[in-house]
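Working notes, beginning with the structure itself.
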Amino acid sequence: MAASRPRRSVALHTKILLALLFGAIAGVASNIYAGDSPQLAWITDNVAQPVGQIFLRLLFMVVVPLVFASVTMGVASLGDLRRIGRVGTKTLLIFLATTAVAVVVGLALVNVIRPGESLDPAIRTALMAEYSSEAGQKVVLSEENRFGINTLVNIVPRNPVAAAANGDMLGLIFFSLMFGIALTLIAKESAAPVMRLLEGVNQAVMVIIGFAMRLAPLGVAGLIFSVTSKFGFDILKSLGLYVVTVLLALAVHQFGVIAMIARFVAGIGPRTFFSRSRALMITAFSTSSSNATLPTTIRTAEENFGVPRQIAGFVLPLGATMNMNGTAMFEGVTVLFLAQVFGVQLDLLTQLIVVIMCVITAIGVAGVPSGSIPLLVMVLGMVGVPGEGIALILGVDRILDMARTVPNVTADLLTSLLVAKSERLPLVVPARQESAA
Ligand code: ASP
């Protein structure tokens with residue numbers, strides 16, 4: 001499908017990138033020159049927001065059928081249980097390893113830069129006062145999220161339809177895994193029509209994603225404009241060093257660690273890897289959501305990197321829910337930053353606990369905007385930093401959320417490439433980037 005329209009697709013990429021730049025520049029400019037004007041608020045609420053939301057909703061709309069069809073088909077076409085177990089184990093190990101490396105990179109940088117020590121106490125007091133009620137709500141949320149045996153029990157949904165309707169991705173994935181495994185265990189003639197039906201669902205969903213991506217330039221511009229036109233840029237000045245530390249750590253992971261693994265383990269050079277992932281990265285950046293980006297991630301893996309359907313369909317939905325390199329790194333940096341601000345000493349052993357906690361909690365983070373905040377509060381509490389301290393960073397969270405979602409999804413894509421390679425499945429990479437996603 002994509003191969004027949006290379007021209008339009010390449011142009012679409014450029015359009016999305018230009019739209020991102022245009023939306024960001026227009027948003028920042030209107031924030032500076034027309035900050036509080038009612039006209040700007042009207043444009044944001046009645047033009048930029050709706051366009052952005054429609055794009056976002058089109059992507060969210062296909063997530064449930066896509067996850068069900070792709071996980072079930074992925075698992076069923078892996079064939080036997082032993083192979084499913086092997087692929088599953090490899091996938092989880094790569095998730096854990098890359099996430100742990102991300103946190104270590106983040107902690108190394110925050111220990112060197114020490115952004116918390118230079119934060120003006122007056123700014124600290126002002127930020128605490130301004131965001132304390134919002135922070136209080138997140139603290140309550142974190143209590144509801146407490147880890148325990150129930151976390152495990154809750155993975156098994158009581159009702160798969162309710163899980164899907166409530167956005168309980170792990171529950172939906174669990175049901176799809178079971179369903180896929182069951183299909184491999186029943187008679188071939190009974191399984192075949194179900195598989196054909198799912199194949200049809202999958203193809204139709206891909207077409208809808210294609211429609212959504214045509215709207216991507218407008219949607220991306222709308223989403224970025226609504227964030228930047230309302231954003232309080234002054235706060236960036238006060239938290240500058242912290243923001244720079246997070247962004248630097250994310251960039252080192254994205255363009256250093258992930259690029260090197262892609263080059264030396266998957267055998268794909270950084271230019272090819274990133275230019276073929278452009279739509280994926282831009283979608284993640286503008287939506288701040290791994291779940292909303294999942295359709296684009298699957299499309300990118302299959303069409304731009306030739307990842308076989310059974311691997312992409314299995315690894316990527318799991319990755320969108322469980323594998324969050326950027327989020328874990330952000331959690332680690334923020335815990336140390338707040339510890340520095342509040343003068344809490346975290347020795348090496350405690351920092352190791354921070355690494356482990358960040359890796360584990362990132363698995364439980366929902367792939368939605370600011371999904372990590374309640375779990376971040378939990379990690380803070382565990383190492384003795386006041387959870388309300390997140391009041392300090394809430395004002396810049398949106399920007400950091402956009403940035404951390406990029407390595408979150410890029411690492412999912414990378415994992416699918418590594419797993420496919422380790423299974424000796426050929427990656428049929430097109431000679432040039434062909435599709436929109
Ligand atoms: N927005 C992130 C994601 O969807 C989650 C988070 O870090 O809050 O991947």
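Ligands are counted one by one from 1 in listed order, and the atoms in each one are counted from 1 as well. Throughout, numbering of the chain's residues begins at 1 and tracks the sequence.
- Here the two rings, on Phe22 and Phe225, have centers that are 6.0 Å apart or farther.
- Residue-to-ligand polar distances place Val368 within reach of ligand 1: an N/O pair is separated by less than 3.5 Å.
- A salt bridge is absent between Arg158 and Asp168; no separation between the charged side-chain nitrogens and carboxylate oxygens falls under 4.0 Å.
- The closest donor-acceptor contact from the side chain of Gln351 to the backbone of Leu346 lies under 3.5 Å.
- Checked by distance only, ligand 1 and Ala366 stay at 3.5 Å or farther apart across all their nitrogen or oxygen atoms.
- Of the N or O atoms in Asn291, none lie within a sub-3.5 Å distance of an N or O in ligand 1.
- For the pair Arg309 and Glu199, the salt-bridge criterion is met [side-chain N within less than 4.0 Å of a carboxylate O].
- Ligand-side atoms of ligand 1 in range of Ser290: 3 (C), 4 (O), 9 (O), range being under 4.0 angstrom from any heavy atom.
- Using cut-offs of 30° and 60° for the angle between ring planes, the Phe179 and Phe68 rings count as tilted.
- Checked by atom type and distance alone, the side chain of Asn408 pairs as donor or acceptor with a backbone atom of Asn325 at under 3.5 Å.
- Against a heavy-atom cut-off of under 4.0 Å, Met324 is close to the following atoms of ligand 1: 9 (O).
- Of the inter-residue distances, the one linking Met322 atom CE with Leu96 atom CG reads 7.5 Å to the nearest 0.5 angstrom.
- Heavy atoms of Ser372 found under 4.0 angstrom from ligand 1 belong to the backbone as well as the side chain.
- Which parts of ligand 1 touch Thr327 is read off a 4.0 Å heavy-atom cut-off, strictly below it: atoms 5 (C), 6 (C), 7 (O).
- Per-residue contacts place Gly371 under 4.0 angstrom from the following atoms of ligand 1 (heavy atoms of the residue considered): 6 (C), 8 (O).
- Annotation for ligand 1: atoms under 4.0 Å from non-hydrogen atoms of Ser370 are 8 (O).
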